[in-house]
There are 2 protein chains.
Amino acid sequence: MKKIDILKKLRSSRLRPTKQRVEIAKFLFERDKTFHFTVESLNKLLIKKSTSRIALATVYNTVHAFKAAGHLSEVEVRGNKTYFDTNVSNHHHFYDSETAELIDIDANDIIIQKIPKAPNGKKIKNVEVFINLKN
Amino acid sequence: MKKIDILKKLRSSRLRPTKQRVEIAKFLFERDKTFHFTVESLNKLLIKKSTSRIALATVYNTVHAFKAAGHLSEVEVRGNKTYFDTNVSNHHHFYDSETAELIDIDANDIIIQKIPKAPNGKKIKNVEVFINLKN
DNA sequence: TTTCACTTTAGAATTATTATAAACTAGATT
DNA sequence: AATCTAGTTTATAATAATTCTAAAGTGAAA
Ligand SMILES: [Mn+2]
Ligand SMILES: [Mn+2]
Ligand SMILES: [Zn+2]
Ligand SMILES: [Zn+2]
């Protein structure tokens with residue numbers, strides 16, 4: 001991914017490509033593999049990586065803006081912190097509680113044979129499978 | 001369920017049956033259906049139900065003690081609060097985000113046909129399926 | 001009964017997140 | 001290019017959930 005794509009991505013979401021957003025977007029999206037993170041962990045990595053300091057509030061703002069624009073998804077993980085995911089497609093996760101690490105599972109790698117029907121007038125929006133690992 | 005069962009349950013878990021624990025245990029476990037709750041929601045219900053006031057810290061302490069003893073499980077739900085569950089068997093959930101309500105799905109009502117193998121030297125501890133509902 | 005480890009409690013502390021409001025800036029308008 | 005302004009960043013305060021602290025209370029063993 002190149003800078004022009006980042007700018008397109010921001011502009012197409014009606015997000016002004018500010019210095020901070022471009023830096024965070026490059027950090028998040030210019031990579032090949034899925035990246036799972038909390039705002040805290042992202043903030044630490046940004047401090048290490050970059051010279052200019054981005055306010056923590058800006059990291060929160062930006063991550064939420066990217067999520068609202070559909071560039072990030074949220075993953076439920078045990079614990080008090082909110083996890084985000086650069087993989088916004090429908091997929092599942094392994095979770096290694098030893099390392100607190102999430103690992104993607106492609107949607108096609110899990111096939112559910114039997115599933116109960118949704119209750120009274122409700123429909124199924126999506127199905128998330130979360131596989132806890134042990135040693 | 002009767003009071004004697006509650007006392008047994010507490011004693012067998014090496015938890016002294018204090019007034020507060022017995023009251024909370026009766027409230028949680030003397031019911032037919034699964035009960036899903038947060039500490040905040042439980043606390044509110046306890047205040048309504050009972051005359052004696054139990055300190056919020058005690059509700060936290062007690063819920064954690066019950067969880068450690070295996071009498072409660074924790075459920076991951078989107079949001080910042082921790083959800084607990086009186087159903088400690090292996091099972092799954094529907095989640096209705098409109099009402100913020102969890103609905104149990106029996107483990108036998110979901111059959112997974114294909115599942116990826118666990119990564120490098122890890123094993124699968126358990127599989128949680130979370131089905132989000134919409135209208 | 002006496003004793004004491006366990007428990008409860010009010011309040012302080014901590015952690016994650018959101019709100020506030022003043023200073024700044026991308027990009028449109030002149 | 002200079003001006004303008006809505007959107008953005010930032011430091012800081014506020015809020016919300018949870019945990020910690022340490023003093024007072026209590027179940028139950030002896
Ligand atoms: Mn969580
Ligand atoms: Mn949660
Ligand atoms: Zn993922
Ligand atoms: Zn349940």
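The sequence lines fix the lettering, A, B, ..., with proteins before strands; numbering per chain opens at 1.
Distance B:Asn43 CG to D:dA17 P: 12 Å, rounded to the nearest Å. Taking atom CG of residue B:Asn80 and atom P of nucleotide D:dA17, one finds them 6 Å apart after rounding to whole Å. Between A:Asn61 atom CG and D:dT12 atom P there is a gap of 17 Å when expressed in whole angstrom units. When rounded to the nearest whole Å, the span between NZ of B:Lys19 and P of D:dA28 equals 14 Å. Separating the NZ atom of B:Lys81 from the P atom of D:dT18 is a distance of 8 Å, rounded to the nearest angstrom. Atoms NZ (B:Lys44) and C1' (D:dA16) sit 12 Å apart, rounded to a whole Å. Here D:dA29 presents its P atom at 14 Å from CZ of B:Arg14, a figure rounded to the nearest Å. Following rounding to the nearest Å, A:Leu10 (CG) and D:dG7 (P) show an atom-to-atom distance of 16 Å.
For DNA chain C, the outermost nucleotides in 5' to 3' order that have an atom under 4.0 Å from a heavy atom of chain A are C:dA16 to C:dG27.
A close approach under 4.0 Å does occur between a side-chain nitrogen or oxygen of B:Thr82 and OP1 or OP2 of D:dT18. The phosphate of D:dT8 (OP1 or OP2) has no side-chain N or O of A:Thr18 nearer than 4.0 angstrom. Side-chain N/O atoms of B:Arg11 include one lying less than 4.0 angstrom from OP1 or OP2 on D:dA28. In terms of phosphate contacts, B:His64 brings a side-chain nitrogen or oxygen within less than 4.0 Å of OP1 or OP2 of D:dT19.
No close placement of the A:Phe37 and A:Tyr83 rings is indicated, their centers lying 6.0 Å or farther apart.
A salt bridge between B:Arg78 and A:Glu128 is present, with a side-chain N of the basic residue lying under 4.0 Å from a carboxylate O of the acidic one.
Within the cation-pi definition used here (under 6.0 Å to the ring centroid, within 45° of the axis), B:Lys67 does not qualify as a partner of B:Phe84. Judged by the 6.0 Å and 45° rule, B:Arg31 forms a cation-pi pair with B:Phe35.
Toward the 5′ end of DNA chain C lies the nearest nucleotide of B:Thr58, the other residue of the pair B:Thr58 and A:Phe84 mapping further downstream. Where B:Leu56 and A:Leu15 meet DNA chain D, the nucleotide closest to each residue was compared, and A:Leu15 sits on the side nearer the 5' end.
With distances taken from any side-chain atom of B:Ala57 to the nucleotides D:dA28, D:dC20, D:dT10, the minimum falls on D:dC20. The side chain of A:Ile54 lies closest to D:dT10 when the candidates are D:dT18, D:dT9, D:dT10. Nearest to the side chain of B:Tyr60, among D:dT9, D:dA28, D:dA17, sits D:dA17.
When all heavy atoms are compared, the tightest approach of A:Lys117 to B:Phe94 is O-CZ, 3.5 Å. Of all non-hydrogen atoms in B:Ser89 and B:His91, the two that sit nearest each other are O-ND1, 2.8 Å.
For the pairing with B:Asp104, the side-chain hydrogen bond (donor to acceptor under 3.5 Å, both in side chains) check across B:His36, B:Lys33, B:His92 returns one residue only, B:His36.
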